[in-house]
Amino acid sequence: TGVEALKVDDTPRARSKNLDVLKEWGSAEKKNEANFVVIGHVDAGKSTLMGRLLYDLKVVDQRTIDRYRSEAEKMGKSSFALAWVLDQGSEERARGVTIDIATNKFFTDKTNFTILDAPGHRDFIPNMIAGASQADFAVLVIDASTGSFESGLKGQTKEHALLVRSMGVQRVIIAVNKLDTVSWSEDRFTEISQQISAFLTAAGFLSKNITFIPCSGLRGDNIVRRSTEPELIAWYNGPTIVEELDNSEPVTRALTKPLRLTIGDIFRGGVQNPLSVSGRIESGSLQAGDALLAQPAGQKCFIRSIEIDNEAADWAVAGQNVTLHLSDIDPIHLKIGDVLSSPSSPIQNVKRFTAKVLAFEFLMPMQIDVHRGRLHTPGRITEIIAVLDKGTGAVVGKKKPRIVKPGAIARVVVDLETAVPLEAPGRVVLRAGGETVGAGLLELGL
Ligand code: GDP
């Protein structure tokens, strides 16, 4: 992990085509790429809505749905068939919840989308953090049915919204779902929109980045197909969920920054490719033959070949989700959450950092787990430097306070048990005892 390890030989292997990747990218046919995360209270209808979206866009075929439907009926949960499009594992089906981040892709004429599905259960929030850290925007699903909205808002809805905002997500599309259960009531839609707007703006979202869409995932109204329900179209003729998704601005790609890729998944044991990793390129670019540095292990490896959407590619740039087939490295040196960077401008491992965090709970010198995407590692808040004004960032009250109240912003020092690859500006989430206690911006690795 020290300087020694960073002095690796980064001359490309013979297999490199020595392409000017940015030039290739400049002349390539481009489509917008957007990753989004789906958030909301458990049972809000997230899986059903996304299943419906994939079904109506013909990403899944009728036969698959029919098979799911008959399986679901056998289990006495017929309405779950659509949700199963997303929940692939049978264990998840038996429990009726979405557990891990199921990645699903679909595309419109304008955009290639990746859904980073977020589970609604409390103990699964670390997965949501991983999803949100790669998301360009969030789809927040709200259950509009009587009573459910109120309990959901007190439940995970607020925590999820705060979390995704803390992870840097700026735009949110709100699916005001299950509107079929309240006779497509405009009053109900307005009431919900006003309350959600109030707390989203309080959480730091700008009003112009918040859009509300009345819909029903189960029936498929305003998901892909515009609703024809007379009671709804009497007062709404705005975009569907997919139309609104397609409105997303092209992602800004940090193409010229040094290469950073956080490993989201590792595959071992292929005959041709014994070791492969996948993830989204956060910044920079890469090509087959390039040398990479894997941190925190400080081990060098090479890119044998690249796949994008199951097709071989010579190169890839920031914003793309890729699978890299690697060589010259022992798998024991790689874990999910590790970071691949270019040996010439590597990411450093840090054991200590300062961060500007929004406190969700009381913060004081305490044990915590630090999450950054899929990386999580134990550590401790060792010092509270100051509480800061939310608007100006100026120090409020005395320096080195002993405690930070929920809702306040503070600059803190965190010491980790082991050094991990982290750098500013980056988003971190602090958790303790299964709860999110704070989230914010890593400012300085020490
Ligand atoms: P998740 O936990 O947020 O993924 O929620 P699910 O997609 O599993 O849905 C929870 C329950 O709500 C299931 O019984 C669904 O059939 C039901 N549901 C989902 N969407 C709608 C909808 O638009 N209208 C109605 N009436 N029920 C829905």
Side-chain angles (χ1 to χ4, degrees), residues 36-56 60 65 68-73 75-104 115-125 127-128 131-132 138-149 151-161 164 172-185 188-189 192 196 212-229 231-232 236 240-242:
F36 65 92
V37 66
V38 186
I39 59 175
H41 197 66
V42 60
D43 282 345
K46 298 178 293 297
S47 310
T48 306
L49 189 148
M50 288 301 141
R52 162 63 67 183
L53 187 145
L54 296 174
Y55 176 61
D56 284 359
V60 282
I65 288 286
Y68 286 167
R69 195 161 279 150
S70 76
E71 267 179 57
E73 269 160 19
M75 289 171 60
K77 297 178 178 173
S78 56
S79 69
F80 280 13
L82 276 175
W84 284 357
V85 172
L86 287 180
D87 307 346
Q88 284 125 347
S90 57
E91 181 212 345
E92 293 175 27
R93 279 185 208 175
R95 299 178 50 193
V97 296
T98 317
I99 294 183
D100 204 346
I101 304 172
T103 304
N104 280 280
I115 312 172
L116 307 158
D117 186 39
H121 282 216
R122 211 178 166 69
D123 29 323
F124 299 137
I125 282 185
N127 284 336
M128 201 195 87
V139 173
L140 168 60
V141 181
I142 300 287
D143 182 345
S145 63
T146 317
S148 300
F149 165 61
S151 67
L153 196 61
K154 285 195 206 87
Q156 292 136 340
T157 309
K158 268 190 177 160
E159 187 183 9
H160 286 188
V164 295
V172 52
I173 298 169
I174 299 100
V176 182
N177 193 33
K178 305 197 192 180
L179 220 58
D180 55 298
T181 64
V182 290
S183 318
W184 311 101
S185 158
R188 183 70 175 156
F189 175 77
I192 290 174
I196 299 278
F212 293 89
I213 297 175
C215 62
S216 167
L218 191 63
R219 299 185 181 214
D221 293 86
N222 284 348
I223 308 299
V224 175
R225 169 181 69 73
R226 285 213 175 194
S227 179
T228 52
E229 291 293 335
E231 286 161 301
L232 175 60
Y236 183 84
T240 62
I241 296 279
V242 165

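Whatever order the structure lists ligands and atoms in, that order sets their numbers, starting from 1. Hydrogens, waters and symmetry mates play no part in the numbers below; they use all other heavy atoms, side chains included. Just so it is clear, the model here is predicted, and its values are computed rather than measured.
- The closest approach between any non-hydrogen atom of A44 and ligand 1 is below 4.0 Å.
- If you look at N177 next to ligand 1, the close heavy atoms, those under 4.0 Å, all belong to the side chain.
- Within ligand 1, the atoms closer than 4.0 Å to a non-hydrogen atom of T181 are 26 (N), numbered from 1 in the order shown.
- Residue contact check: D180 has heavy atoms under 4.0 Å from atoms 22 (C), 23 (O), 24 (N), 25 (C), 26 (N) of ligand 1.
- In terms of N/O distances under 3.5 Å, ligand 1 is approached by G45.
- The N/O atoms of S216, backbone and side chain alike, include one that comes under 3.5 Å of an N/O atom in ligand 1.
- Listed here is the closest heavy atom pair of C215 and I241: SG-CD1, 4.5 Å.
- Comparing R52, M50, K178, K46 by heavy-atom distance to atom 11 (C) of ligand 1, the nearest is K178.
- With distances taken over non-hydrogen atoms, the option nearest atom 15 (C) of ligand 1 out of T48, L49, I39, V38 is T48.
- Annotation: S47 places an N or O atom under 3.5 Å from an N or O atom of ligand 1; distance criterion only.
- For Y236, the ring pair (Phe, Tyr, Trp, His ring centres under 6.0 Å) criterion is met by no residue, not counting sequence neighbours.
- Scanning both residues, V176 and A144, for their nearest heavy atoms gives CG1-CB, 3.9 Å.
- Considering backbone and side-chain N/O atoms, C215 never comes within less than 3.5 Å of an N/O atom of ligand 1.
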Next on the checklist: side chain to side chain contact (heavy atoms under 4.5 Å, CB included) for L54 and I115? Distances and angles first, verdict last.
Outcome noted: CA-CA 10 Å; L54 296 174; I115 312 172; 4.1 Å; yes

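- Between I142 and I192, the closest side-chain pair of non-hydrogen atoms falls below 4.5 Å.
- Distance CG/D43 to OG1/T48: 9.0 Å, rounded to 0.5 Å.
- Distances from atom 21 (C) of ligand 1 to the heavy atoms of D143, D43, L218 put L218 nearest.
- Considering T240, D180, N222 in turn, N222 is the only one that fulfils the side-chain contact (heavy atoms from CB on, under 4.5 Å) rule with S227.
- Atoms of ligand 1 lying under 4.0 Å from any heavy atom of G217, numbered from 1 in the order shown and given with element: 23 (O).
- To the nearest 0.5 Å, atom CG of residue D56 and atom CZ of residue R225 are 7.0 Å apart.
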